[in-house]
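By convention in this document, chain letters (A, B, ...) are assigned in the order of the sequence lines, proteins followed by strands, and residues within each chain are numbered from 1.
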Amino acid sequence: MATFFGEVLSVYSRAVEEDDDDLDDENEDERIHREIEEKREVHIVWCPEVAQSLEDSGSNKLQCSDLIIAVGTNAAGFLSAYVLNTESWDAVGHVSLWNERSRGSSRQSIAPLPGEPACLFYRHRDNPAVLVCQSTCYIAEDQLFQWTEKVFGCLQKRGLSVMVLSDSPVAEYKTPDYLYGSAVPFLRSLKSSASKGQALCPALEQPNILTGLPAAVLSHCQVHQIPAVLYQCYTDVISPDSITMETFKPALLCLSKLVKLEPCLSADVLRKFAIITEAQSNLYT
Amino acid sequence: MAARYDRAITVFSPDGHLFQVEYAQEAVKKGSTAVGIRGKDIVVLGVEKKSVAKLQEERTVRKICALDDHVCMAFAGLTADARIVINRARVECQSHRLTVEDPVTVEYITRHIATLKQRYTQSNGRRPFGISALIVGFDCDGTPRLYQTDPSGTYHAWKANAIGRSAKTVREFLEKNYTEESIATDNESIKLAIKALLEVVQSGGKNIELAVIRRNQSLKLLESKEIETLVTEIEKEKEEEAEKKKQKKST
């Protein structure tokens with residue numbers, strides 16, 4: 001190509017594929033993409049007993065009748081206070097993943113420290129078919145599918161029933177009416193079509209949608225016809241809060257059919273989770 | 001729809017809302033409850049004490065502040081905003097005394113605070129104050145007054161009112177229970193304030209702070225022992241009421 005100043009530049013023609021120079025670049029691009037993919041891969045790390053039982057079962061799947069997933073600090077706090085407070089739960093695994101907001105890759109094989117955002121699995125000692133998953137770390141959109149596939153890939157689909165608890169800011173709740181303060185926090189539910197029972201609270205109205213891990217799990221259950229019910233709590237508090245956690249109490253009705261729950265101690269445990277943040281907030285008096 | 005008209009304070013939405021001001025009123029609801037009662041010879045302010053951190057000096061976390069010898073206020077909402085408003089009000093009280101040689105009337109200082117708040121809802125680059133205030137006191141002629149202001153800059157006189165977290169519940173209680181006989185004496189007015197707070201305060205008397213102004217006297221903060229005594233009295237009265245009702249039912 002001749003330019004205005006008389007110099008001649010050689011330019012690439014888009015009509016012809018020039019493979020030689022591009023090959024290195026492509027290789028490098030591919031290499032970078034592969035590295036990023038590996039870095040962002042989702043790994044499930046099971047404890048030795050569970051890993052052994054996965055191997056022993058022919059299909060590499062765990063027997064599971066009920067899977068309860070808690071997404072978010074309030075939902076996880078509710079499960080910790082009302083369900084996981086007895087001694088009969090064992091930590092059986094965790095999910096290790098890396099993304100810009102959850103940098104857990106440095107400790108793939110070591111379990112996350114308590115209090116760190118993480119994704120943990122617990123199994124009931126007396127009823128090992130009941131699994132609880134507490135997810136407080138951020139899972140990026142591109143990792144959600146992998147997470148769901150890998151977790152559900154370890155579980156037997158037949159006879160499986162899923163409950164998801166999640167929390168969300170009430171500012172995201174779209175409604176034509178004004179939400180007076182006393183109505184918040186509140187629960188809304190969504191079910192997969194295979195789920196037969198009655199939900200314990202009104203269904204989520206249009207045009208509200210779910211995003212993130214709860215949506216990925218529910219979509220998976222809908223596609224694979226697994227009965228699943230989701231309870232989303234809309235709350236006006238950003239940090240873990242005992243009143244928000246108590247809003248999940250109707251879910252205890254379903255859970256008490258599966259495992260024995262400790263009824264009364266929970267209020268103090270709840271306050272323990274919530275009070276750490278209350279005292280430090282001097283913003284409002 | 002709210003999303004497009006709620007970022008700037010100086011922008012009305014098509015249906016006439018000033019969303020930033022309304023959001024400021026939501027910030028008020030994050031503060032703990034405060035209740036104000038206007039009696040015959042006494043005005044009472046009661047607040048729900050916030051839980052203080054272990055290493056924090058309790059007396060620096062105050063919701064009730066004196067603006068002058070005869071006027072005091074309780075607020076709910078953003079702590080820092082309250083400090084600024086209180087400082088400006090205190091300066092205005094003294095400035096008024098020096099220029100006019102008279103103490104402020106409760107209505108004057110309330111109007112000053114409300115005007116200040118309104119100014120911040122009408123200029124760009126500033127956000128509204130996120131506090132509501134209950135201002136109580138006695139005028140020179142001995143009339144007791146209770147006023148309430150909110151982030152929009154409006155103020156009204158009240159016989160009894162509540163602001164903050166569970167204000168609606170407390171206000172409903174007051175509407176039912178504020179009668180001439182419930183404020184007949186000073187003690188009764190104080191007990192009414194405590195009863196109203198006990199509706200919403202967890203764990204009873206030790207989370208309540210009370211302040212009173214009597215005619216021609218300055219602000220007095222009640223000690224926790226006095227509050228505990230009054231709470232016990234109230235609980236005893238409640239039990240006696242319940243007993244009487246039971247007896248009536250059985251006969």
Chemist: Highest number of heavy-atom pairs under 4.5 Å with chain A: which of B:A27, B:G77, B:A76, B:A34?
Modeler: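 Most heavy-atom pairs under 4.5 Å with chain A: B:G77.
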Chemist: Count the heavy atoms belonging to other residues, nucleotides or ligands that lie under 6.0 Å from OH of A:Y138, then report whether that count exceeds 12.
Modeler: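 Yes - once you tally the heavy atoms of other residues, nucleotides and ligands closer than 6.0 Å, there are more than 12.
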Chemist: Please answer whether the main-chain N or O of A:L283 pairs with a side-chain N or O of B:T79 as donor and acceptor at a distance below 3.5 Å.
Modeler: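 Yes: the side chain of B:T79 pairs with the backbone of A:L283.
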Chemist: First locate atom OH of A:Y284, then atom CG of B:D81, and finally report the distance between them rounded to the nearest 0.5 Å.
Modeler: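 It is 9.5 Å, given to the nearest 0.5 Å.
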Chemist: Verify the neighbour count for atom CD of A:E100: are there more than 12 heavy atoms of other residues, nucleotides or ligands below 6.0 Å?
Modeler: yes
